[in-house]
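First comes the structure, then the notes that go with it.
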Amino acid sequence: MNSLKDILYKVSINIVIGSTDVQVNTIQFNSREVKENDVFVAIKGSATDGHRYIEGAIEQGAVAIVCETLPEITIEGVTYLEVTNSSVALAIMAANYYGNPSENLKLVGVTGTNGKTTIATLLYQLFKNAGYKVGLLSTVVIKVDDKDYKATHTTPDSLTINRYLKEMNSEGVEFCFMEVSSHGIHQKRTEGLHFEGGIFTNLTHDHLDYHDTFAEYRDVKKSFFDSLSKNAFALTNGDDKNGSIMLQNTKAKQYKYALKSYADYKAQILENQFGGLLLKLNDSEVWTRLIGNFNAYNVLAIFATAELLGLEKQEILRLISELESVSGRFQYLISKQKITAIVDYAHTPDALKNVLETINSIRTKNEELITVVGCGGDRDTTKRPKMGHIASALSTKVVFTSDNPRSEPPETIIEAIEKGVEPQHFKKVLSITDRKQAIKTACQMAQPGDIILIAGKGHETYQEIKGERFDFDDYKTVETLLNQLEK
């Protein structure tokens, strides 16, 4: 049991009814999971309002309630605490409950539209190869040194974050790299965490289904840097015009990385091919198996972060040369007929443009570039025609298909994507609703030497259709279909 008073340390409370000098078992924000002697935090979410379940939480044994609006009737023996923001309170309480574990390791947050998973995962890989115990909180997986756990959100809820950080403390983890999404920042899941540093990758069109405007999306990202301490570092992409905005109010030590503009950390691409990149990082050359301009930025951010965390430059360069690509991020295979298939998570207009431009910069133009792409349902609809425009303009053939249609009819999504195709590209385009059939068609169209890009899902191993999840893995699907062509 824990003292409620201790758990509430640093929480800004407006009104207290009852005593904080009580023992509580654990913290819950889902009323269905409340048990005897728990504290229930009522959160106003986008789908439901936790305040509606206060009475039910008390019936199930809650001894304390944290809420933004006190109920009209209070029950004797239950402690009620009114706060301005329940999500902030939950995050600070979670950190206190688990003993503020972020203070016992070096936690680095990575935020931006594209590149978060790659940078966080490769930093985990690099520090692990350097001999450290390392943690990772990412879209794809949560790692506590050598142990893997399934990830459900880009940024987990604050209780989950602190629970894993506590486990990392127990395992002697020294560094942890964490994806910090705009949703996670906006929902205050990272409040109460002590960050050693923050990395900003870039800001492009995404999540405008959640954030009303691009400015709001940008300012939410910025608030993460505003919250860094003066002992932390803030590393931003100097080639992105929003990079400087991230630094405007931060107390942290400021650094920039860039390929095109003046920066503390500079990179130059000397060679770019399907085998990898030869880069000049500041004044040193390094070969990496990662591919494309966007990965030059990722490698540069990794190089800068490793140096800011105290690794020696020559060791960092050696470790960068050993890095392997992240699952579903420009993952490629070459079939026996010499057809190259690339699977990439590109699900925003900018990410798709980056991947297609990278492929076009490497290929000889004697071969076809066949792109299979769709868009998710129940998400930002404004990006759909943009995706269609980019795919059709930068590929020689395109197959529009389903991604995760969720509750939307896939045909509706595909029609919206098709609206972005310009008349001169109409002949390039096919639309096939069934994703497996779309990939199969692309494989059948491909000749030796051709390139197939399957974009949008990357590491995901499922499709979500009408509320159900079905097994579906782009990489395994295209691998199987290309092998069948050989028979």
Side-chain angles (χ1 to χ4, degrees), residues 112-119 201-206 237-243 257-261 266-280 288-301 325-326 328-332 334 339-375 383-400 403 417 420-422 424-425 428-429 442 446 449-458 474:
T113 308
N114 302 313
K116 292 188 297 292
T117 305
T118 299
I119 290 172
T201 62
N202 49 58
L203 208 59
T204 63
H205 192 106
D206 197 19
N237 179 351
D239 288 342
D240 187 299
K241 62 181 182 295
N242 298 291
Y257 65 96
L259 266 71
K260 299 170 188 165
S261 50
K266 285 278 291 175
Q268 187 183 349
I269 299 171
L270 303 176
E271 282 182 37
N272 182 11
Q273 49 191 261
F274 280 132
L277 287 165
L278 180 63
L279 297 174
K280 192 172 187 183
T288 171
R289 280 175 265 185
L290 304 174
I291 303 156
N293 290 19
F294 57 96
N295 269 323
Y297 282 101
N298 293 337
V299 170
L300 186 53
S325 66
V326 178
R329 268 64 175 181
F330 217 100
Q331 238 185 320
Y332 75 98
I334 300 170
I339 295 167
T340 301
I342 298 164
V343 171
D344 194 90
Y345 188 53
H347 63 290
T348 66
D350 189 65
L352 184 63
K353 184 167 178 274
N354 281 338
V355 172
L356 286 167
E357 284 181 346
T358 292
I359 296 168
N360 282 319
S361 70
I362 297 170
R363 73 187 189 95
T364 64
K365 310 295 188 290
N366 294 322
E367 64 286 272
E368 301 274 357
L369 169 52
I370 306 162
T371 298
V372 180
V373 67
C375 287
K383 71 182 182 185
R384 292 173 185 173
K386 292 180 177 157
M387 297 282 278
H389 172 78
I390 289 162
S392 58
L394 297 177
S395 314
T396 50
K397 288 176 185 165
V398 183
V399 186
F400 293 136
D403 188 297
I417 300 171
V421 180
E422 291 182 18
Q424 68 267 33
H425 301 311
K428 292 180 179 181
V429 173
D450 287 352
I451 300 159
I452 301 168
L453 170 67
I454 303 162
K457 289 175 59 58
D474 280 351

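The structure presented is a predicted model; accordingly, all values stated were derived computationally and were not measured. All heavy atoms count here, side chains included; hydrogens, waters and symmetry mates do not.
Here E367 contributes atom CD and T340 contributes atom OG1; the two are 8.5 Å apart, rounded to the nearest 0.5 Å. Rounded to the nearest 0.5 Å, atoms CD1 (I291) and CD (Q273) are 9.5 Å apart. With rounding to the nearest 0.5 Å, the separation of CG in L277 from CG in N272 is 5.0 Å. Remark: I119 CD1 to T117 OG1 distance equals 9.5 Å, nearest 0.5 Å. If you take CG on L352 and CD on E357, they are separated by 10.0 Å, rounding to the nearest 0.5 Å.
With sequence neighbours excluded, no residue forms a side chain to side chain donor-acceptor pair (under 3.5 Å) with Q268. Checked against side chain to side chain donor-acceptor pair (under 3.5 Å), Y297 has the following partners two or more places apart in sequence or in another chain: D239. Taking the side-chain contact (heavy atoms from CB on, under 4.5 Å) definition, one finds that K266 meets it with A263, N282, sequence neighbours left out. In this view, D403 satisfies the side chain to side chain donor-acceptor pair (under 3.5 Å) rule with no residue, not counting sequence neighbours. Take N242 and apply the side chain to side chain donor-acceptor pair (under 3.5 Å) test, not counting sequence neighbours, and it matches D240.
Nearest heavy-atom pair, A296 versus L259, reported as atom, atom and distance to 0.1 Å: CB-CD2, 3.9 Å. Closest approach of S261 to G238, counting heavy atoms only: OG-O, 3.3 Å. Of all heavy-atom pairs between N298 and G115, the closest is OD1-CA, 4.0 Å. Shown here for A442 and V372, the closest heavy-atom pair between the two residues is CB-CG2, 3.6 Å. Among all heavy-atom pairs drawn from P349 and M387, the shortest one is N-SD, 3.3 Å. Smallest separation of non-hydrogen atoms from G456 and H347: O-CB, 3.7 Å.
By the neighbour-count criterion of 12 heavy atoms within 6.0 Å, atom NZ of K365 is densely surrounded, having more than that number from other residues, nucleotides or ligands.
Using modelled atom types and a 3.5 Å distance limit, the side chains of N202 and D350 yield no donor-acceptor pair.
Side-chain contact check for F330 versus L453: every heavy-atom pair is 4.5 Å or farther apart. Considering only heavy atoms from C-beta on, D344 stays 4.5 Å or farther from Y332 through its side chain. N354 is not listed as a side-chain neighbour of N293, based on a closest heavy-atom distance of 4.5 Å or more. With contacts defined as side-chain heavy-atom distances shorter than 4.5 Å, the pair N114/Y345 does not qualify. Contact annotation: the side chain of L279 never approaches that of L270 to less than 4.5 Å [non-hydrogen atoms, C-beta and beyond]. Looking only at side-chain heavy atoms (C-beta outward), I390 and V373 stay at 4.5 Å or farther from each other. With a 4.5 Å cut-off on side-chain heavy atoms, N295 and T288 do not count as touching.
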Kindly list each side-chain donor-acceptor pair under 3.5 angstrom involving residues 392-400, sequence neighbours excluded, with atom names and distances?
residue	atom	partner	partner atom	Å
S392	OG	G388	O	2.8
S392	OG	H389	O	3.2
S395	OG	T371	OG1	2.7
S395	OG	A391	O	2.7
T396	OG1	E368	OE1	2.8
T396	OG1	L369	N	2.6
T396	OG1	L369	O	2.9

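Partner I451 forms a side-chain contact (heavy atoms from CB on, under 4.5 Å) with one of I342, N360, I334 and no other, that one being I342.
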